Amino acid sequence: MLTTQASESCNSQVRLFLKPKHNLDEFFIHFTGLLADKRRKETESDYDALQSAPYIVLEKSSILQHAAKIFTKNIFHRIQEQYLEIEDYLIELVQDNRDDGFISYRTYKMEDDERSDERVILVDTSTATLVCDCRMFRTFGVLCRHMLKVMRFLGEFGNDSMRTIPDHYILKRWTLEARRKEVGDGDADEKGDTSHSHENETGKGDIAMRYRETTAMFNQLATKLSMADEKVYNRWMGALQKVCKEANKALSK
């Protein structure tokens, strides 16, 4: 439905500027006008978003309060939508390897006495890093309801680093600071400010987060394998050695 509505909206905008009778020169003139009008509306929308604070449904949530201060309205609302869903989820401990620096939890919903949307979240307690197997953050750059459920749970039990959004889950392109530079200072990049550029977000900060995610995942696997019987251990170690060899070969190219 959303795709259809977006398509119809786009078609209606195009019809305001483009007509079948236009020749090639007229087409480009009107098409340029269409792009300029769209950019003007986006800029006005960005400006309006910067002048007013978003409405927080759950005012007592420290996570949402933090998100409202740093993210654009659009991204904040997406995070808030995910956060509001966590009330429907239950959480249980899967494995506690606090000595090795990580814990794993499972979140799920109960529908008609059956579990649904069941996800496992790994938590590196030393770095406040979470890895959810839904991979929403890795794909869209927005925290998922499963991670937010675990963050609130840990925050309520004294983990202060989970009461707000950790820095490595704050993509600069989604922040009010980056948007202000885009709206208010169009030549920011020419002055050397690349804080909201895509290149910066795939730099050292992203590499560090990937390292923590990978380490947490392999720590859990190492613990399980070390406690498995010899036959299972040998079979999966052989498979892992093969995967690691192929990955090293591919990544060395």
Side-chain angles (χ1 to χ4, degrees), residues 63 82-83 85-163 165-169 171 202-253:
I63 293 176
Q82 292 292 314
Y83 192 91
E85 290 192 43
I86 70 178
E87 299 297 338
D88 298 328
Y89 284 75
L90 300 174
I91 184 172
E92 64 183 18
L93 179 67
V94 177
Q95 196 167 20
D96 189 343
N97 289 298
R98 223 173 290 258
D99 294 338
D100 294 328
F102 75 94
I103 313 171
S104 57
Y105 294 94
R106 181 180 289 108
T107 63
Y108 59 93
K109 289 196 299 185
M110 291 298 296
E111 296 180 338
D112 299 326
D113 296 326
E114 292 186 1
R115 294 189 178 194
S116 64
D117 194 21
E118 193 169 341
R119 299 292 180 178
V120 174
I121 301 92
L122 297 178
V123 183
D124 185 336
T125 55
S126 62
T127 59
T129 300
L130 300 91
V131 184
C132 179
D133 57 13
C134 80
R135 300 186 66 79
M136 179 174 174
F137 180 81
R138 176 61 67 188
T139 304
F140 301 107
V142 176
L143 290 169
C144 65
R145 53 195 175 277
H146 321 104
M147 292 168 67
L148 290 168
K149 177 71 175 184
V150 173
M151 286 174 62
R152 191 181 74 170
F153 174 78
L154 292 175
E156 289 175 346
F157 283 88
N159 190 326
D160 291 338
S161 64
M162 294 294 177
R163 296 181 188 275
I165 299 174
D167 290 343
H168 41 271
Y169 294 112
L171 300 186
T202 54
K204 293 182 179 179
D206 198 50
I207 292 173
M209 186 177 73
R210 291 178 182 180
Y211 178 82
R212 288 190 291 266
E213 288 182 347
T214 306
T215 301
M217 191 174 297
F218 275 94
N219 277 342
Q220 185 190 47
L221 183 58
T223 300
K224 290 182 177 179
L225 275 178
S226 66
M227 295 185 293
D229 62 58
E230 187 174 358
K231 185 177 180 180
V232 172
Y233 173 82
N234 290 334
R235 178 162 64 92
W236 284 106
M237 275 300 293
L240 284 171
Q241 288 170 351
K242 182 179 179 181
V243 170
C244 289
K245 183 178 180 180
E246 292 176 354
N248 282 324
K249 184 179 178 180
L251 295 171
S252 298
K253 293 181 180 179

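Quick caveat: nothing in here was measured; it's all calculated off a predicted structure.
- Between atom CE of residue Met147 and atom OG1 of residue Thr129 there is a gap of 8.5 Å, rounded to the nearest 0.5 Å.
- Between the Ser104 side chain and the Val94 main chain, no donor and acceptor come within less than 3.5 Å of each other.
- Of all the heavy atoms in Pro166 and Met151, the pair that sits closest is CD-CE, 3.8 Å.
- A salt bridge (charged side-chain N to carboxylate O under 4.0 Å, His left out) check over residues 231-245, counting only residues at least two apart or in different chains, returns nothing.
- Of the possible polar contacts, one joining the His168 side chain to the Ala128 backbone as a donor-acceptor pair under 3.5 Å is found.
- With sequence neighbours excluded, the residues forming a salt bridge (charged side-chain N to carboxylate O under 4.0 Å, His left out) with Arg115 are Glu92, Glu118, listed by chain and number.
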Self-check item: Ile86 vs His146, side-chain contact (heavy atoms from CB on, under 4.5 Å): CA-CA, chis, key distance, verdict
Solution: CA-CA 7 Å; Ile86 70 178; His146 321 104; over 6 Å; no
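- Partners of Glu156 by salt bridge (charged side-chain N to carboxylate O under 4.0 Å, His left out), not counting sequence neighbours, listed by chain and number: Arg152.
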Exercise. Start with the C-alpha gap between Val150 and Leu130, add the side-chain angles, then the distance that decides, and say whether side-chain contact (heavy atoms from CB on, under 4.5 Å) holds.
Key: CA-CA 9 Å; Val150 173; Leu130 300 91; 3.9 Å; yes
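- With sequence neighbours excluded, no residue satisfies salt bridge (charged side-chain N to carboxylate O under 4.0 Å, His left out) with Asp112.
- Note on Arg119 versus Asp133: salt bridge recorded, some NZ/NE/NH1/NH2 to OD/OE distance being below 4.0 Å.
- The shortest non-hydrogen separation linking Met136 to Val142 is CG-O, 3.7 Å.
- Under the salt bridge (charged side-chain N to carboxylate O under 4.0 Å, His left out) criterion, Glu230 pairs with no residue at all, not counting sequence neighbours.
- One finds no salt bridge joining Arg145 and Asp88 here, because no Lys/Arg side-chain nitrogen approaches an Asp/Glu carboxylate oxygen to under 4.0 Å.
- Judged as a ring-ring contact (aromatic ring centres under 6.0 Å, His included), and not counting sequence neighbours, the contacts of Phe153 are Tyr105, Phe157.
- Counting all heavy atoms, side chain and backbone alike, Phe137 lies closest to Leu143 at CD1-N, 4.0 Å.
- Taking a 6.0 Å sphere around CG of Asp229, one finds it holds more than 12 heavy atoms contributed by other residues, nucleotides or ligands.
- Interatomic distance, Ile91 CD1 to Tyr108 OH, rounded to the nearest 0.5 Å: 10.0 Å.
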